[in-house]
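To find a chain, count down the sequence lines: A is the first, B the second, and so on, and within it residues start at 1. None of the values given here were measured: they were computed from a predicted structure.
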Number of protein chains: 2
Amino acid sequence: MNRQSRFSQFLESRNLRSTAGRRVMLQEISALGERHFSAEDLVARFRRRGRAVSRATVYRTLEHLLAGGLVRRLSLGHKHSLYESNLGRRHHEHLICLRCGEVTEFGSGTLERLLDGVCRRRRFVAQRLSIQLFGMCARCAEEGRAKRN
Amino acid sequence: MNRQSRFSQFLESRNLRSTAGRRVMLQEISALGERHFSAEDLVARFRRRGRAVSRATVYRTLEHLLAGGLVRRLSLGHKHSLYESNLGRRHHEHLICLRCGEVTEFGSGTLERLLDGVCRRRRFVAQRLSIQLFGMCARCAEEGRAKRN
DNA sequence: GTTACTGCAAATAGTTTGCATGGAT
DNA sequence: ATCCATGCAAACTATTTGCAGTAAC
């Protein structure tokens with residue numbers, strides 16, 4: 001099932017209406033592919049393309065997309081949230097470089113199985129994982145080493 | 001090495017001064033044991049005990065304690081940060097119940113080794129892990145099941 | 001004596017909300 | 001016709017900051 005129809009279905013299932021703003025948002029988010037984006041990024045992109053969607057609507061729609069599992073919200077150490085499209089993507093988590101800000105992704109079946117085990121043992125029903133490793137990427141670590149020598 | 005002397009040492013190493021406010025904060029945080037607390041919690045506790053430390057100082061001192069590794073900052077899904085004392089504690093991560101808000105901890109050597117491997121392979125130097133599982137605790141899941149039947 | 005620390009209040013930034021109007025069903 | 005969605009601006013919340021006075025070294 002594609003993004004469009006998943007969204008329509010979600011809207012219908014909750015008695016939400018298919019409006020221009022919502023369709024544009026879904027479209028724009030699809031266009032962003034695997035990139036991370038903030039609410040503000042979206043507002044700016046809409047402006048640039050002359051299809052204004054207000055900040056309020058962006059935030060409200062993001063809530064719906066989150067509830068419907070079409071996007072994922074990330075906490076990568078900024079005071080604002082970032083989001084990423086969540087359709088047709090393998091589960092993954094993030095490595096964040098504290099020096100240059102680079103964000104890379106990693107996924108691991110072993111990791112997921114391990115956490116599944118943790119949950120099963122505690123009869124905890126996980127709905128959402130949030131895993132981030134903060135540190136220094138290879139390049140920055142290398143530069144740091146060079147400087148110290 | 002105990003908390004007090006680790007803190008003194010940290011202050012000294014950075015040319016920071018040992019002030020009343022900072023000592024009181026360290027004390028109060030020790031008294032909180034393994035509990036999680038917000039910046040605001042601390043301000044309130046100081047008020048109640050008649051040893052006022054201003055909000056600004058609380059935030060500024062928390063920064064130092066974080067830098068010195070004496071406390072850890074947690075993102076448990078609120079808009080404010082929570083903190084926990086980080087001395088004499090085994091590494092652990094958190095399970096957060098989205099229904100009742102209960103937070104439980106879990107630690108796993110296997111998990112740490114696994115993530116170490118991920119980092120080594122990418123030559124990423126991890127400084128800090130942030131792992132949260134959001135979902136439903138055993139009790140809430142049970143109640144949910146009961147209600148649906 | 002020098003320099004760092006503190007408290008206050010104001011500033012900041014991201015996000016949320018009330019309300020009047022417009023649009024989907 | 002109903003009731004949900006939108007835009008605007010104002011509200012809100014956690015956190016940060018400038019500054020003038022105070023305390024540690």
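- Across A:Arg47, A:Arg45, A:Arg55, a single residue satisfies salt bridge (Lys or Arg N to Asp or Glu O under 4.0 Å) together with A:Glu40, and that is A:Arg55.
- A sub-4.0 Å separation between OP1 or OP2 of C:dC5 and a side-chain N or O of B:Arg22 is present.
- When distances run from any side-chain atom of A:Tyr59 to the nucleotides D:dA14, D:dA5, C:dT16, the shortest one goes to C:dT16.
- Of the N and O atoms on the side chains of B:Arg23 and B:Ser18, at least one donor lies less than 3.5 Å from an acceptor on the other residue.
- Taking atom CG of residue A:Leu62 and atom P of nucleotide D:dT6, one finds them 12 Å apart after rounding to whole Å.
- Put simply, the residue from B:Arg22, B:Arg49, B:Arg35 that forms a salt bridge (Lys or Arg N to Asp or Glu O under 4.0 Å) with B:Glu28 is B:Arg49.
- The CG-P distance, from B:Leu16 to D:dA23, rounds to 19 Å in whole Å.
- For the pair A:Arg51 and A:Phe46, the cation-pi test (distance below 6.0 Å, angle within 45°) is failed.
- Side chain to side chain, B:Thr61 and B:Glu63 fail the donor-acceptor criterion of an N or O pair below 3.5 Å.
- We find that NZ of A:Lys79 is positioned 15 Å from P of C:dT16, with the value rounded to whole Å.
- The aromatic rings of A:His92 and A:His94 lie perpendicular to each other, with more than 60° between the two planes, well past the 30° mark.
- A:Arg73 has its side chain out of reach of A:Glu84: every pair of non-hydrogen atoms, C-beta onward, lies at least 4.5 Å apart.
- B:Arg72 is not listed as a side-chain neighbour of B:Arg128, based on a closest heavy-atom distance of 4.5 Å or more.
- At the phosphate of D:dA24, neither OP1 nor OP2 sits under 4.0 Å from any side-chain N or O atom of B:Ser18.
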With the criterion being N/O to N/O and under 3.5 Å, what pairs connect the protein with nucleotides 7-9 of chain D, and how long is each?
{"unit_1": "D:dG7", "atom_1": "OP2", "unit_2": "A:Ser54", "atom_2": "N", "d": "3.0"}
{"unit_1": "D:dG7", "atom_1": "OP2", "unit_2": "A:Ser54", "atom_2": "OG", "d": "2.9"}
{"unit_1": "D:dG7", "atom_1": "OP2", "unit_2": "A:Thr57", "atom_2": "OG1", "d": "2.7"}
{"unit_1": "D:dG7", "atom_1": "N7", "unit_2": "A:Arg60", "atom_2": "NH2", "d": "2.9"}
{"unit_1": "D:dG7", "atom_1": "O6", "unit_2": "A:Arg60", "atom_2": "NH2", "d": "3.2"}

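- Between A:Leu82 atom CG and C:dG14 atom C1' there is a gap of 12 Å when expressed in whole angstrom units.
- Remark: P of C:dG7 and CZ of B:Phe46 are 10 Å apart, rounded to the nearest angstrom.
- Per the geometry, CG belonging to B:Leu11 stands 13 Å off P belonging to D:dA24, to the nearest Å.
- In this structure, A:His80 places its NE2 atom 13 Å from C1' of C:dT15, rounding to the nearest Å.
- A:Glu12 places its CD atom 16 Å from the P atom of C:dA24, with the value rounded to the nearest Å.
- The local environment of CD in B:Gln127 is crowded, with over 12 non-hydrogen atoms from other residues, nucleotides or ligands closer than 6.0 Å.
- If you find the closest nucleotide of DNA chain D to A:Thr19 and to B:Ser38, the one lying nearer the 5' end belongs to A:Thr19.
- Inter-axis angle, ends of the helix from C:dG1-D:dC25 to C:dT25-D:dA1, five pairs per end, rounded to 10 degrees: 30°.
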